[in-house]
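Side chains included, hydrogens not; waters and symmetry mates left out as well; all remaining heavy atoms used.
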Amino acid sequence: MRSMKLVSSTVLALATAGALTLTPSAASAADTPASGPTKGPCAYTPLEDQTYSTWAGLPQDPRKTPDKGLVRITLKTNRGDIPMVLDRSLAPCTVQSFAYLTARKYFDDTMCHRLTAYQTPPYALSVLQCGDPLGTGWGDPGYWFKDELDSAKALQNWPGFPDGSRKNYPRGTLAMANGGPDTNGSQFFLVYEDSRLRPDYTVFGYVTEEGMKVLDQIAAGGIDPGTEGSPEDGAPAQPVHILRAKRGA
């Protein structure tokens, strides 16, 4: 059973600003998942409830997860190319999954469904969220895997939070969205301005300077709040279509 934090109104969205969660939409058909979890240390686990899944199979899960080196992936979008650098040392299982989904063309022909611009204190959240083939904020690849939060906990504390309960996810950060502990799937977010978040979101790389120029243009295009969002949280006003995700620059 998946545990989701649902944001269904402007008031609730403002009250929970900072939650990079999955949001509801219509179901899509999914193929029957393989048996699991995988036997390696990442333990990619098929979801029992495949209501919102676009089944992608399970990544290979070797006994020794590669934990050194960088993986370069470029999101080729209708707004321009967004090159990203994935760092295995930060989150080896996350990088392994993301590279697998890229190879399976999972991100091809998908929309980045969420843009935020929370700037009213105490909130600060400026991200573009992508990775859902349904384009709703609710889709997943049919499997979950565990958090890898050492990199998030190593971030600088947000001013006023010496206990580390809020961290500064700095501009350029690439991190996973989730629906609660150990519910990573395919959704991810790119930070275009320093953002205040709990250290609950796996950091697994960064966006290059070239990619940040495109991300800035997307952010400057503004937000379409629709019927469920707010002026600070909705879909990009200028739709962002990932035409293809590919390895390399």
Worksheet item: At what distance, to the nearest 0.5 angstrom, does NE2 of His113 lie from SG of Cys130?
Response: 8.0 Å

Practice prompt. Look up atom CG in Leu155 and atom OG1 in Thr173, then write down how far apart they are to the nearest 0.5 Å.
Written response: 6.5 Å

Worksheet item: Do Pro236 and Leu128 come close enough that some side-chain heavy atom pair is under 4.5 Å?
Response: yes

Item to complete: Just do the side chain to side chain contact (heavy atoms under 4.5 Å, CB included) check on Met84 and Leu190 with the steps written out, would you?
Response: CA-CA 10 Å; Met84 309 183 301; Leu190 303 83; 4.0 Å; yes

Worksheet entry | Heavy-atom closest contact (Pro41 atom, Thr65 atom, distance) | CG-OG1, 3.1 Å

Worksheet entry | CG-OG1 distance between Leu215 and Thr208, expressed to the nearest 0.5 angstrom | 10.5 Å

Discussion item. Taking the side chain as everything from C-beta on, heavy atoms only, tell me whether Val203 gets closer than 4.5 Å to Leu174.
Written reply: no

Practice prompt. Treat each ILVMFWY residue as a node, draw an edge where side-chain heavy atoms are under 4.5 Å apart, and state whether Val207 and Ile242 are in one component.
Written response: yes

Fill in: Worked check of ring-ring contact (aromatic ring centres under 6.0 Å, His included) between Tyr201 and Phe188
CA-CA 9 Å; Tyr201 304 95; Phe188 60 96; over 10 Å; no

Worksheet item: Which word best sums up how the rings of Phe204 and Phe98 line up, parallel for under 30°, tilted for 30 to 60°, or perpendicular for over 60°?
Response: tilted

Discussion item. Are Tyr206 and Phe189 linked, directly or through intermediate hydrophobic residues, by side-chain heavy-atom contacts shorter than 4.5 Å (ILVMFWY only)?
Written reply: no

Item to complete: For residues Ile218 and Ile82, determine if any side-chain heavy atom of one lies less than 4.5 Å from a side-chain heavy atom of the other.
Response: yes

Discussion item. What I'd like to find out is whether the side chain of Asp147 reaches to under 4.5 Å of the side chain of Pro181, using heavy atoms alone.
Written reply: yes

Discussion item. Checking the side chain of Asp67 only, and the main-chain atoms of Arg88 only, is there a donor and an acceptor separated by less than 3.5 Å?
Written reply: no

Discussion item. Between Tyr100 and Ala56 (side chain of the first, backbone of the second, donor and acceptor by atom type, cut-off under 3.5 Å), is there such a pair?
Written reply: yes

Fill in: Asp61 side chain to Gly40 backbone, donor-acceptor under 3.5 Å
yes

Discussion item. Please check: side-chain N/O of Ser53 versus main-chain N/O of Trp55, any donor-acceptor pairing under 3.5 Å?
Written reply: no

Discussion item. For Tyr169 and Arg196: C-alpha separation, side-chain torsions, deciding distance, then whether side chain to side chain contact (heavy atoms under 4.5 Å, CB included) applies.
Written reply: CA-CA 6 Å; Tyr169 280 62; Arg196 191 195 87 167; over 6 Å; no

Discussion item. Tell me if a side-chain donor or acceptor on Asp87 pairs with a main-chain N or O of Leu70 at a distance below 3.5 Å.
Written reply: no

Worksheet item: Side chains of Phe145 and Asp182: does their closest heavy-atom pair fall under 4.5 Å?
Response: no

Discussion item. Between Thr116 and Tyr123, is there a side-chain heavy-atom distance shorter than 4.5 Å?
Written reply: no

Item to complete: State plainly whether one hydrophobic cluster holds both Val127 and Met111, where clusters connect Ile, Leu, Val, Met, Phe, Trp and Tyr through side-chain heavy atoms under 4.5 angstrom apart.
Response: no

Discussion item. Whether the Gln187 and Gln129 side chains hold a donor-acceptor pair (N or O, under 3.5 Å, no angle test) is what I'd like checked.
Written reply: yes

Item to complete: Check whether the side chains of Tyr192 and Asp216 place a donor and an acceptor atom closer than 3.5 Å, and report yes or no.
Response: no

Fill in: Short side-chain donor-acceptor distance under 3.5 Å, Glu148 and Thr94
yes

Worksheet item: Looking at CE of Met176 and CG of Leu149, how far apart are the two atoms once the value is rounded to the nearest 0.5 Å?
Response: 11.5 Å

Worksheet entry | Shortest non-hydrogen contact between Pro133 and Ser186, atoms and distance | CD-OG, 4.4 Å

Worksheet item: Is there a donor in the side chain of Tyr44 and an acceptor in the side chain of Gln96, or the other way round, less than 3.5 Å apart?
Response: yes

Discussion item. Taking Ile73 as the starting point, is it possible to reach Val240 by hopping between hydrophobic residues whose side chains are less than 4.5 Å apart?
Written reply: yes

Worksheet item: Does the side chain of Pro37 reach to within under 4.5 Å of the side chain of Tyr143, using non-hydrogen atoms?
Response: no

Worksheet item: So, Asn157 and Lys167: side-chain donor and acceptor under 3.5 Å apart, yes or no?
Response: yes

Practice prompt. Measure from the side-chain N and O atoms of Ser97 to the backbone N and O of Cys93, and report whether any donor-acceptor pair falls under 3.5 Å.
Written response: no

Practice prompt. Please identify each residue that fulfils side-chain hydrogen bond (donor to acceptor under 3.5 Å, both in side chains) with Asp194, with sequence neighbours left out.
Written response: Asn168

Worksheet entry | Nearest atoms (heavy-atom pairs only) where Pro83 meets Glu210 | CG-OE1, 3.8 Å

Discussion item. For Gly139, is there any backbone N or O sitting under 3.5 Å from a side-chain donor or acceptor partner on Asp132?
Written reply: yes

Item to complete: Sort out for me which residue in Asp109, Thr110, Thr77 forms a side-chain hydrogen bond (donor to acceptor under 3.5 Å, both in side chains) with His241.
Response: Asp109

Worksheet item: Can you tell me how far CG of Leu58 sits from OG1 of Thr45, rounded to the nearest 0.5 angstrom?
Response: 8.0 Å

Worksheet item: Is Thr54 close to Leu134 at the side-chain level, that is, under 4.5 Å between some pair of heavy atoms?
Response: yes

Worksheet item: Which pair of non-hydrogen atoms, one from Pro66 and one from Pro92, has the smallest distance, and what is that distance?
Response: O-CB, 3.3 Å

Worksheet item: For Ile223 and Gly234, which heavy atoms make the closest approach, and how far apart are they?
Response: CG2-N, 3.4 Å

Discussion item. Treating Asn178 as the side-chain partner and Asn184 as the backbone partner, does any N or O pair qualify as donor plus acceptor under 3.5 Å?
Written reply: no

Worksheet item: Does the Ser195 side chain pair with the main chain of Ser126, one donor and one acceptor, at a distance under 3.5 Å?
Response: yes

Worksheet item: Are any side-chain N or O atoms of Arg79 and backbone N or O atoms of Pro239, one a donor and one an acceptor, separated by less than 3.5 Å?
Response: yes

Fill in: Charged N-O contact under 4.0 Å between Arg166 and Asp163
no

Item to complete: Give, for atom CG of Leu75 and atom CG of Asp81, the distance between the pair rounded to the nearest 0.5 Å.
Response: 9.0 Å

